[in-house]
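This structure is a prediction, so every number in the text was calculated from the model and none was measured. Numbers restart at 1 for each chain; the letters A, B, ... are given by sequence-line order, proteins then strands.
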2 protein chains.
Amino acid sequence: MRSRHHDIADDLRQQIAKGGIQPSERLPSEADLADRYEVSAVTLRRALAVLQSEGLVEKIHGKGNFVRRPHRKILYVGGWGTLDPWTAAEPALRVTVRSTTVPAQAQLTNLLKVPTGSPIVETTCISHEGESPHGLARIYMPRDLVPAGVLDDDFPCREAVTRFAVLGPPPAALREKVRARPPTLDEASALRIGHASVVLSITRIATDSTGRVVEATLLAFPGDRVDAVFTTHHVTDERQTQG
Amino acid sequence: MRSRHHDIADDLRQQIAKGGIQPSERLPSEADLADRYEVSAVTLRRALAVLQSEGLVEKIHGKGNFVRRPHRKILYVGGWGTLDPWTAAEPALRVTVRSTTVPAQAQLTNLLKVPTGSPIVETTCISHEGESPHGLARIYMPRDLVPAGVLDDDFPCREAVTRFAVLGPPPAALREKVRARPPTLDEASALRIGHASVVLSITRIATDSTGRVVEATLLAFPGDRVDAVFTTHHVTDERQTQG
DNA sequence: CAGTGGTCTAGACCACGAA
DNA sequence: TCGTGGTCTAGACCACTGT
């Protein structure tokens, strides 16, 4: 049972794929497109919503609908808490960082396993590639475990943050819980994605050899830009090559 | 700027939370709700779409909108390719399985690293808990590697499939690529979720000790019902980095 | 200001499910 | 058949962006 807005989405998708509309170029206005396809504005907007949720189109209120550049997919590599080396080496990456100290409350006491009110350093990072943000991290560490320099304005850990890596020394164990969900209102605006979009959310708990939680991180990635990959080797001595 | 349909979604969400509408109970018809809130049908449907994407409400065409039971979150445990033991032991789980043999084509030749046209056994599994499906698996194995019994109608591997486990012998390595994306049309109908919902998609590649791909599985879970968890212990990992 | 997208309406018609 | 949700329309009004 094909619906009209899906047909239109398919047609536009194909036009974009064939290069009829170039990346970062503006689509005709919704009114024009509605005329062209002989549908109502609402139906045409549904078609665009499909493309937006696929990450093909970016809507900007008051300006128009724009074809997004076909970013290559970024890989978050599980187990090490980092983007893949190619991505991390990308010079176009910019990071916005802000650190504050807050007292531990409800969710944080659970994640970090600390008493309520403990001083916690919250570090918020938004990573951009060119214009489009591709990652949001909220890192929480007990204040006494924060490596020197993280609280500086200069922030020498910038490189680690760019890769969304664990900030402190390598932890003994990492537990990464992966969710797929719609963005919160904050995330939708921070990541510049629609409210109907999809977020890959990773809650990462790093513990040291004594079992103490040294870092809890809430990562949010636009689903259309980032995948996460996890590799497990059940035979310890075996070396596998991967493509 | 709050929109009317968000306010309505908030109101309904609160009513559900307070127990004003019980789980598995039907909401008033959309026409009634539209009257009650004094909005148009379209606006009311947008409000319901919000709740549906949060997994609070299940829409059934021709029957109504139903409050979903607050299922506990199911855990897919990475590295072993299985649901967590509690879930897997759940007696209410039912599985629908269908196996066919197909020749390898485009995507499959890549995933399985086999020549085009190789005989591949495709096994499709849908797992239900009560009424609601909570997982869809498409398992591909080279025909000569399929364990005896998988192709039987009786299907003794049913238990393994219930957990979405790897069907054959334990592989040497697993590579699991996790995506968050909107459902395909097939998945939306198979999983009984809206087209605007969110799917946690896992592409799982299992290789034996020689590096041969023994199984490729495409898993799709409703984002609101399933999380995936991956645990890494760097202590037992000899390749820990210094620096 | 004009042009754009964002929300909403009142009503039509279609598709599904249960009697 | 009837009540339900699913799609679509034509038009109104608001909010944002640039001039």
Side-chain angles (χ1 to χ4, degrees), chain A residues 1-12 21 24-53 56-68 131 182-183 185 188-189 192-197, chain B residues 1-12 21 24-53 56-68 131-132 182-183 185-186 188-197:
Chain A
M1 187 206 81
R2 299 296 295 169
S3 46
R4 191 78 181 94
H5 69 265
H6 271 124
D7 289 340
I8 295 172
D10 289 347
D11 189 69
L12 287 171
I21 312 171
S24 83
E25 202 173 334
R26 215 204 74 184
L27 295 176
S29 75
E30 299 186 351
D32 286 354
L33 287 172
D35 283 351
R36 178 180 316 179
Y37 287 108
E38 297 184 316
V39 296
S40 72
V42 176
T43 299
L44 187 110
R45 285 175 53 70
R46 277 206 229 173
L48 288 177
V50 172
L51 300 182
Q52 192 189 15
S53 81
L56 278 174
V57 163
E58 179 174 5
K59 315 196 67 149
I60 304 183
H61 191 168
K63 295 183 74 175
N65 295 281
F66 296 83
V67 176
R68 292 220 334 219
E131 280 299 304
L185 290 177
S189 68
R192 298 257 228 87
I193 56 181
H195 298 175
S197 291
Chain B
M1 179 210 140
R2 300 295 295 169
S3 46
R4 189 80 183 93
H5 69 265
H6 271 124
D7 290 339
I8 295 173
D10 289 347
D11 189 69
L12 288 171
I21 312 172
S24 83
E25 203 173 333
R26 214 204 74 183
L27 295 175
S29 76
E30 298 187 351
D32 286 355
L33 286 172
D35 283 351
R36 177 180 315 179
Y37 287 107
E38 296 183 317
V39 294
S40 71
V42 176
T43 299
L44 188 109
R45 284 176 54 70
R46 276 206 229 173
L48 288 177
V50 172
L51 301 181
Q52 192 188 16
S53 81
L56 278 175
V57 163
E58 179 174 5
K59 315 196 67 151
I60 304 184
H61 192 169
K63 294 182 73 174
N65 295 281
F66 296 82
V67 176
R68 291 223 333 222
E131 280 299 305
S132 313
L185 289 177
D186 286 351
S189 68
L191 296 174
R192 297 256 227 91
I193 57 181
H195 299 173
S197 292

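- Across all strands, Arg4(A) comes closer than 4.0 Å only to sugar-phosphate atoms, never to a base (heavy-atom distances).
- Checked by atom type and distance alone, the side chain of Arg46(B) never pairs as donor or acceptor with a backbone atom of Arg4(B) at under 3.5 Å.
- If you take CZ of Arg2(B) and C1' of dT7(C), they are 14 Å apart, rounded to a whole angstrom.
- Using a cutoff of 4.0 Å between basic side-chain nitrogens and carboxylate oxygens, Lys59(B) and Glu30(B) are scored as salt-bridged.
- The nearest whole Å value for the distance from the CZ atom in Arg46(A) to the P atom in dC8(D) is 5 Å.
- Rounded to whole Å, atom P of dT9(D) lies 14 Å from atom CD of Glu30(A).
- Residue Leu51(B) contributes atom CG, which lies 14 Å from atom P of dG5(D) at whole-angstrom precision.
- The shortest distance between the side-chain N/O atoms of His61(A) and the OP1/OP2 oxygens of dT17(D) is not below 4.0 Å.
- The closest side-chain heavy-atom distance from Asn65(B) to Leu33(B) is not below 4.5 Å.
- Considering all non-hydrogen atoms of both residues, Val57(B) and Arg68(B) come closest at C-CG, 4.0 Å.
- Taking atom CG of residue Leu27(A) and atom P of nucleotide dG5(C), one finds them 9 Å apart after rounding to whole Å.
- Each of Ile60(A) and Asp32(B) has a nearest nucleotide on DNA chain D; the 5'-most of these lies closest to Asp32(B).
- Here the P atom of nucleotide dG11(C) and the CG atom of Leu44(B) are 17 Å apart, to the nearest Å.
- When all heavy atoms of Leu51(B) and Ala9(B) are compared, the pair lying nearest together is CD2-O, 3.6 Å.
- In terms of phosphate contacts, Lys63(A) brings no side-chain nitrogen or oxygen within less than 4.0 Å of OP1 or OP2 of dC16(D).
- Both Leu48(A) and Val42(A) lie near DNA chain C, and the one whose nearest nucleotide falls closer to the 5' end is Leu48(A).
- Considering only side-chain N and O atoms, Arg45(A) lies under 4.0 angstrom from the phosphate OP1 or OP2 of dG6(C).
- His6(B) has its NE2 atom 14 Å from the C1' atom of dC8(C), to the nearest Å.
- Put simply, Asn65(B) has a side-chain N or O that comes within less than 4.0 Å of OP1 or OP2 on dG5(D).
- For Val39(B), taking side-chain heavy atoms from C-beta onward, the closest of the listed nucleotides dG6(C), dC8(C), dT9(C) is dT9(C).
- No engagement by Gln52(B) is indicated, since no non-hydrogen atom pair under 4.0 Å with the nucleic acid exists.
- Contact check, Thr43(A) against dT9(D): a side-chain N or O comes under 4.0 Å of OP1 or OP2.
- Going from atom CZ of Arg26(B) over to atom P of dC16(C) covers 19 Å, rounded to whole Å.
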